[in-house]
Amino acid sequence: MARSVPVIVASGNGASALPSGLRILVRGGSALDAVEACAKIIEADPTDTSVGRGGKPNVLGEVELDASIVDGTTHRTGAVAALRGYLYPISVARAVMERTPHVFIVGEGAARLAREIGAERTQNLTPSTRKLWVERLRSVGETPASIRRRAKLLPVVRKTVREERGTVNFLALDARGDIASAVTTSGWAYKYPGRVGDSPIVGAGNYCDTRYGAAACTGYGELAIRNVTAKTAVDRLATGMPPDMVARAAIADANALEDAAFNIVVLSAKGAHAAATNRKGRRYVWMTGAMREPTIAPRILVGRARR
Ligand code: ASP
């Protein structure tokens with residue numbers, strides 16, 4: 001079988017994890033192991049306030065984490081959503097894929113599975129993200145005590161949520177030519193409890209197929225769900241469309257729905273890649289087995305057409 005040059009493509013906030021992922025690939029490890037290992041590094045990093053430990057909480061101050069992993073060769077997938085209290089949601093997602101007859105487990109059930117498989121527990125709300133939460137509540141006239149007493153959260157959530165999200169994407173091609181993808185996030189900051197974005201929804205925020213390539217999203221997840229963005233991107237790769245055109249088309253689809261920040265990274269089965277956004281200054285990162293460090297590259301900017 002033809003050997004591929006291993007490559008990992010990620011959203012900009014994934015840069016610090018790429019060397020570890022590449023080490024796995026150059027030793028002949030699988031794309032699946034590489035994307036999981038990369039995702040775990042960012043999940044455990046409390047300085048990334050959009051993923052895992054240190055991720056921003058929901059409006060009640062609870063950090064609810066979403067993650068998914070896809071094996072592009074077997075089309076096995078696993079996902080968790082609104083998972084609380086565990087350090088590595090991506091590994092719980094992988095356990096859903098490999099150890100259960102299911103593909104998606106949420107909330108209390110996801111935490112129960114995490115406990116059952118001995119996943120590592122943690123307090124995901126850090127002192128600094130707690131402070132940010134309290135400040136946001138104060139800015140809308142609430143306190144931690146007042147918000148917990150409220151019967152109706154919706155009027156508050158309409159004021160606490162702003163364009164403030166974040167997620168990390170990893171797409172990998174290994175030496176055997178297999179592709180895998182992983183996405184993990186704390187979702188939309190100060191969201192309504194139980195809100196689930198695109199990241200754990202296979203086909204929306206994350207999808208890959210070893211025959212054609214992979215795609216994953218960051219930004220306003222509701223748009224990726226409405227457009228089934230990642231699957232649509234891989235379908236476009238399957239037609240022979242190059243990754244830059246695929247990435248542009250995905251942003252144009254998002255722009256057609258609403259004016260909200262939206263980003264995509266795309267990897268083809270041959271290892272070509274591109275990323276696009278509708279906000280200025282956004283970057284993505286990539287690294288191959290031949291490189292010592294990740295390359296940080298600008299995303300293609302696709303503005304919203306005036307109406
Ligand atoms: N897509 C994520 C979500 O909607 C957030 C983000 O990437 O900014 O949960």
Side-chain angles (χ1 to χ4, degrees), residues 9-15 17 35 38-39 42-43 45 47-52 54-59 62-70 79-84 89-90 93 104 106-107 110 124 129 132 136 157 160-171 181-207 214-233 247 250-251 253-255 257-266 275-285 299:
V9 179
S11 50
N13 56 342
V35 294
C38 288
I42 308 301
E43 287 176 338
D45 177 358
T47 65
D48 190 319
T49 60
S50 68
V51 177
K56 288 186 184 151
N58 67 19
V59 71
E62 302 156 340
V63 181
E64 293 186 321
L65 303 172
D66 301 341
S68 64
I69 191 159
V70 183
V80 291
L83 172 65
R84 289 166 52 187
I90 198 68
F104 196 4
V106 306
N124 284 311
T129 43
L132 293 173
R136 178 59 53 87
V157 169
T160 53
V161 293
R162 300 182 190 159
E163 196 162 275
E164 208 176 349
R165 307 178 199 94
T167 297
V168 69
N169 304 148
F170 292 102
L171 312 176
S181 54
V183 177
T184 180
T185 188
S186 51
W188 197 347
Y190 318 120
K191 61 195 170 188
Y192 199 98
R195 178 265 184 188
V196 175
D198 59 319
S199 306
I201 298 185
V202 170
N206 182 8
Y207 195 69
C217 307
T218 54
Y220 187 18
E222 281 73 359
L223 299 186
I225 296 171
R226 289 163 63 192
N227 278 331
V228 199
T229 304
K231 173 69 164 79
T232 304
I251 302 301
D253 289 345
N255 288 346
L257 300 189
E258 272 180 50
D259 181 16
F262 196 76
N263 320 286
I264 189 165
V265 289
V266 179
T277 180
N278 56 12
R279 292 289 184 270
K280 285 196 181 118
R282 302 285 165 95
R283 295 167 190 263
Y284 80 110
V285 292
R299 290 177 186 252

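What you see is a predicted model; the values in this text were computed from it and never measured. In each ligand, atom 1 is the first atom listed, and ligand 1 is the first ligand listed.
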Trainee: Run through I264, I225, I251 and flag the one making a side chain to side chain contact (heavy atoms under 4.5 Å, CB included) with C217.
Mentor: I264
Trainee: Start with the C-alpha gap between E222 and R195, add the side-chain angles, then the distance that decides, and say whether salt bridge (Lys or Arg N to Asp or Glu O under 4.0 Å) holds.
Mentor: CA-CA 10 Å; E222 281 73 359; R195 178 265 184 188; 2.7 Å; yes
Trainee: Which pair of non-hydrogen atoms, one from D48 and one from S50, has the smallest distance, and what is that distance?
Mentor: OD1-OG, 2.7 Å
Trainee: For a quick check under 3.5 Å, do T218 and T167 share a side-chain donor-acceptor pair by atom type?
Mentor: no
Trainee: Purely on distance, is any nitrogen or oxygen of D198 under 3.5 Å from one on ligand 1?
Mentor: yes
Trainee: Look at the side chain of W188 and the backbone N and O of R162, then say whether any donor-acceptor pair between them is shorter than 3.5 Å.
Mentor: yes
Trainee: Determine the sole option in L257, T229, N227, D253 for which the side chain to side chain contact (heavy atoms under 4.5 Å, CB included) test with F262 is passed.
Mentor: T229
Trainee: Which of the numbered atoms in ligand 1 are below 4.0 angstrom from a heavy atom of R195?
Mentor: 3 (C), 4 (O), 9 (O)
Trainee: Is G221 in polar range of ligand 1, meaning some N or O pair under 3.5 Å apart?
Mentor: yes
Trainee: G187 heavy atoms, cut-off 4.0 Å: which ligand 1 atoms fall inside?
Mentor: 9 (O)
Trainee: I'd like to know if G205 contacts ligand 1, where contact means a heavy-atom distance under 4.0 Å to any ligand atom.
Mentor: no
Trainee: I'd like to check whether T167 has a polar contact with ligand 1, where a contact means an N/O of the residue lying under 3.5 Å from an N/O of the ligand.
Mentor: yes
Trainee: Judged by modelled atom types alone, do D66 and S199 share a side-chain donor-acceptor pair under 3.5 Å?
Mentor: no
Trainee: Ligand 1 versus K191, non-hydrogen atoms closer than 4.0 Å: side chain, backbone, both, neither?
Mentor: neither
Trainee: Indicate yes or no: does an N/O atom of G219 lie under 3.5 Å from an N/O atom of ligand 1?
Mentor: yes
Trainee: Give yes if a backbone or side-chain nitrogen or oxygen of T218 is under 3.5 Å from a nitrogen or oxygen of ligand 1, and no if not.
Mentor: no
